[in-house]
Protein chains: 2
Amino acid sequence: MTTIKDVAKYANVSVATVSRVLNNKGYVSKEAETAVQKAITDLNYRPSAVARSLYDKKSRMIGLLIPDIANPFFPEIARGIEDVALKAGYTVVLCNTDNQVKKEAHYLNTLEQKYVDGIIVATGVGGYEHYKALNVPIVALDRFISEHVPTVTVENKQGAKLATEYLIQKGCMHIAHLRGQTGLVTADERYQGFKETVEQFGKRHTVLETGFNSYRAEEMVRVLLEQHPEVDGIFAASDVAAAGAMKAAHTMKRMVPDDLQIIGFDGISFGEMLSPSLTTVKQPIYQIGEKAISLLIDQIENRPIKTFQYVFPPIMHIRGTTK
Amino acid sequence: MTTIKDVAKYANVSVATVSRVLNNKGYVSKEAETAVQKAITDLNYRPSAVARSLYDKKSRMIGLLIPDIANPFFPEIARGIEDVALKAGYTVVLCNTDNQVKKEAHYLNTLEQKYVDGIIVATGVGGYEHYKALNVPIVALDRFISEHVPTVTVENKQGAKLATEYLIQKGCMHIAHLRGQTGLVTADERYQGFKETVEQFGKRHTVLETGFNSYRAEEMVRVLLEQHPEVDGIFAASDVAAAGAMKAAHTMKRMVPDDLQIIGFDGISFGEMLSPSLTTVKQPIYQIGEKAISLLIDQIENRPIKTFQYVFPPIMHIRGTTK
DNA sequence: CTGAAAGCGCTTACAG
DNA sequence: CTGAAAGCGCTTACAG
C-alpha cells in the first residue's frame with residue numbers, strides 16, 4: 001500500500017504539503033502541487049479513508065436500519081437513499097433488524113464504533129432514549145421517534161380514506177379490510193381511515209388482521225368469501241396482502257374487478273405485474289427514501305433543517321382491479 | 001467520547017493493559033482485569049473500530065456490488081449475505097452499480113480506501129484485471145471473473161432444459177422463449193438450454209428478446225399471441241418476464257394453464273403471489289448468497305477453500321401456470 | 001504481569 | 001509557501 005509518506009518522498013516535499021494538495025487547502029506553490037500530483041498518479045496513491053476518519057471522526061458512511069430488505073417495500077427505499085448518498089459522497093451500510101431489539105442494538109453499537117455520520121431508522125423497536133444516547137444524527141422513516149428527530153412518513157389515514165371512498169363510489173356494498181398487525185402505527189392509521197369512511201357512509205364492512213402477509217391474506221380471504229359471498233370490495237393495507245386476496249378470488253372463481261374489486265396500499269413495483277394490475281394507494285417510495293437521506297445529510301453537514309415532519313401524500317393509482 | 005486513555009486512567013493501569021483485556025490477549029492479573037472491566041462499564045466505553053482498522057488494516061466490513069437492489073432477485077441474495085455476515089461479525093456495504101463501469105470503479109475505490117475486508121461482485125462489468133488490482137479477496141456471484149476467483153452460480157442451461165422438457169411433456173407444441181439480453185451470460189446459457197431441448201424434440205419454437213423486463217415481455221407476448229395464437233407454451237428466462245407474459249395472456253383472454261402454459265426462472269417470492277402462482281425454475285437464491293459470503297469470509301480469515309466453482313442445481317417448482 | 005514507546009496514515013496548528 | 005511535530009485511538013513488540 002502506498003501512503004502519504006511515499007508520495008512525499010517521491011515528490012520531495014513533506015507530508016504536510018501532500019496533505020495540502022490532497023485537500024486543496026492552505027498555500028502550496030505551483031511546482032510543489034504538480035510534483036505531488038505526478039507522484040500521486042505515478043504511485044497510484046489513494047489516501048486512507050480510515051486514517052482520515054480517525055482524525056476527524058467522520059466516515060462518510062451512513063447506516064440504514066430496516067426490518068428486512070427482502071420485504072418488497074424496502075429495496076426501493078434503499079435505492080432512493082443510496083442514489084442520493086452516492087451523489088453526496090456517502091456510502092450505505094445495510095442493516096436488517098427483523099424488528100428485533102437485540103439486532104438493532106448490535107447494529108447501533110457497531111455503527112457508532114465505525115464513526116458513521118448518520119443513521120436512518122426505518123425499523124420499529126427502540127424508543128427515543130435508545131437513539132438519543134447515540135451521538136449521531138438520525139432520521140426516522142415510516143415511523144415516529146420524537147419531535148426532535150426529523151421524520152418522513154406518509155398520510156396513511158388519508159390514503160386509506162381515498163381507497164375506501166373509491167370502492168364505495170364504484171358501488172361496493174360490503175367491504176373487507178385486510179389490516180396490518182395491531183400496534184404497528186402505519187397499520188393502525190390505515191385501519192382508522194378505513195373505519196371512519198365505511199362508518200361515515202354506513203357501509204357494511206369486515207376487518208381481517210392478515211398482517212402484511214400474502215399467504216395469510218389468501219387463506220383468510222378465501223374463508224371470508226365462502227362465508228360472505230356478498231363481499232364485493234377489499235381494501236388491503238399492503239399490496240402484498242392484496243395479492244393474496246387476488247389469489248383467493250382466483251381460486252374462488254370470483255371475477256376481478258367485475259365481481260370483486262380490490263385495492264392495495266404501497267405501490268410496490270410488482271403490483272403492476274399482477275393480472276389484472278393492482279389498483280393501489282401509492283406511496284412515493286423512492287422519494288421518501290430520497291427525502292430521508294437528504295434530511296440526514298443536512299444534519300450531518302450542519303445545514304439547518306426547516307421542518308421536522310415530512311408527510312407525503314399518497315396517490316391513488318387506478319389500475320385493473322377496480323371498475 | 002471516552003477513549004482507552006480514559007479507561008486506563010480510571011482503572012489506574014496503562015492503556016496497554018486495557019488493550020490486553022479488550023482483546024483477551026497477553027497476561028493480565030485478575031485485579032487489573034476486574035478494574036478495567038469496571039472502568040469499561042462505568043464509563044460506557046466502546047473501542048473505536050476506526051483506530052483498530054488503522055492499525056490492522058481490517059474493517060470487518062464487506063462490500064456488496066449488485067446492479068440494482070430494486071431488482072427483485074437481489075434483496076433475497078443480500079439477505080442471505082447479511083445474515084451470515086452478521087453472525088460472523090461483519091457488516092455489509094450496499095453498492096448499486098447499474099452495471100455501469102463508472103459506478104463500479106467508484107465503489108471499488110471507495111471500498112478499498114475504507115479497508116473493506118472483501119467484496120462480493122454480482123455485477124457484470126469489469127474484467128479480471130479490474131479486480132485483481134484490488135488487494136482484497138473477492139467472490140463472484142452469478143457471473144464468472146476468473147478461475148482464481150471463487151464463483152457461485154446456478155446451472156442455467158440445465159434449468160432451462162428442465163423447464164422446456166416439462167412444457168413438452170405437458171403437451172406444448174409451439175413454445176416461445178422470452179430470453180434475457182444477448183451477451184449476458186446467464187441469459188445466453190438459459191437460451192442455449194431452451195434451444196437444444198426444442199431442437200432435440202423437434203418442436204416449433206419462437207425466441208423473443210424481452211430482457212428481464214416485465215413490461216416489454218407483456219408487449220411482445222401480446223403481439224406474439226396475436227400473430228401466433230397456436231403458441232401454447234412460454235418459457236421465460238426470468239419470473240419478471242413470466243409475469244409480463246401472464247398479463248398478456250390475461251388481456252388476450254387466454255386461459256393459463258389450460259390454454260397456455262408458462263414457466264419462469266428465478267423463484268423470487270412474488271412468483272408465488274401471482275394468480276395462478278407461477279411455475280418456475282427456482283434458484284436457491286438465499287443459499288447462493290450464503291455460499292458467496294461464506295467463501296468470502298473463508299478467504300478473509302485465511303481458511304483454505306477447496307473448490308473455486310460452486311454451481312447450484314436449480315429446481316423446478318411446479319405451481320399453477322402449468323398443467 | 002505491566003508500562004513506555006513506536007507506529008498505523010492521516011490533518012492541522014505552529015514556526016519559520 | 002513549507003516542514004517538524006503533535007495528535008486522532010488503538011495494538012503490539014520490547015524491557016523490565
Side-chain angles (χ1 to χ4, degrees), chain A residues 1-37 39-40 43-61 89 109-117 135-136, chain B residues 1-37 39-40 43-61 89 109-117 135-136:
Chain A
M1 218 180 59
T2 115
T3 75
I4 196 171
K5 264 192 200 164
D6 304 320
V7 175
K9 197 170 298 175
Y10 189 96
N12 259 308
V13 298
S14 73
V15 297
T17 300
V18 176
S19 179
R20 285 191 196 98
V21 347
L22 243 31
N23 298 292
N24 238 301
K25 163 185 287 185
Y27 298 98
V28 34
S29 67
K30 204 68 201 136
E31 302 83 67
E33 177 165 359
T34 55
V36 169
Q37 296 290 17
I40 288 174
L43 302 177
N44 188 227
Y45 167 70
R46 255 93 47 106
S48 157
V50 173
R52 278 183 172 164
S53 284
L54 182 60
Y55 181 83
D56 62 19
K57 263 83 203 142
K58 301 225 174 305
S59 64
R60 301 244 120 202
M61 294 196 296
N109 233 303
T110 303
L111 293 172
E112 200 183 13
Q113 293 188 115
K114 292 185 190 300
Y115 296 164
V116 293
D117 296 344
N135 231 343
V136 167
Chain B
M1 219 181 58
T2 116
T3 74
I4 197 171
K5 264 192 200 165
D6 304 319
V7 176
K9 196 170 300 175
Y10 189 97
N12 260 309
V13 297
S14 73
V15 297
T17 300
V18 176
S19 178
R20 284 191 197 98
V21 347
L22 243 30
N23 298 292
N24 238 299
K25 163 186 287 185
Y27 297 98
V28 33
S29 68
K30 204 68 201 137
E31 302 83 67
E33 176 165 359
T34 55
V36 170
Q37 296 290 16
I40 288 173
L43 303 177
N44 187 227
Y45 167 70
R46 254 92 47 104
S48 158
V50 173
R52 278 184 173 164
S53 283
L54 183 60
Y55 179 83
D56 63 17
K57 263 82 205 146
K58 301 224 175 303
S59 63
R60 299 245 119 200
M61 295 195 296
N109 233 304
T110 303
L111 293 172
E112 200 183 12
Q113 292 188 115
K114 291 186 190 302
Y115 296 165
V116 295
D117 296 346
N135 231 342
V136 167

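The shown structure was predicted, so the numbers you read here are calculated from the model rather than taken from an experiment. The chains referred to below are lettered A, B, ... by the order of the sequence lines, with proteins before strands, and numbering in each begins at 1.
- Applying the side-chain hydrogen bond (donor to acceptor under 3.5 Å, both in side chains) rule to pairs touching residues 26-35 of chain A yields nothing, sequence neighbours excluded.
- For the pair V13(A)/V18(A), a side-chain contact is recorded, criterion being any heavy-atom separation below 4.5 Å from C-beta on.
- Listed pair K25(B) / dT11(D) fails the phosphate criterion, with no side-chain N or O lying under 4.0 Å from OP1 or OP2.
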* Summarise how protein sits on nucleotides 2-10 of chain C as a single string, 5' to 3': B when a protein heavy atom is under 4.0 Å from the base, S for sugar-phosphate-only contact, - for no contact. => BBB--BBBS
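- Taking Y10(A) as the reference, D42(A) meet the side chain to side chain donor-acceptor pair (under 3.5 Å) condition, with sequence neighbours excluded.
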* Return one dot-bracket line describing DNA chain D 5' to 3' (Watson-Crick or G-U wobble pairs, both distances under 3.5 Å; ( ) same strand, [ ] crossing, | another strand, . none). => |||.||||||||.|||
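- Counting heavy atoms from C-beta outward, R52(A) and R60(A) have side chains that stay 4.5 Å or more apart.
- For D56(A), there are no side chain to side chain donor-acceptor pair (under 3.5 Å) partners, not counting sequence neighbours.
- A pairwise comparison of heavy atoms in V50(A) and Y115(B) identifies CG2-CD1, 3.3 Å as the closest pair.
- No more than 12 heavy atoms of other residues, nucleotides or ligands lie within 6.0 Å of NZ in K5(B), so this atom counts as exposed by the packing criterion.
- The salt bridge (charged side-chain N to carboxylate O under 4.0 Å, His left out) check on R20(B) picks up nothing, with sequence neighbours excluded.
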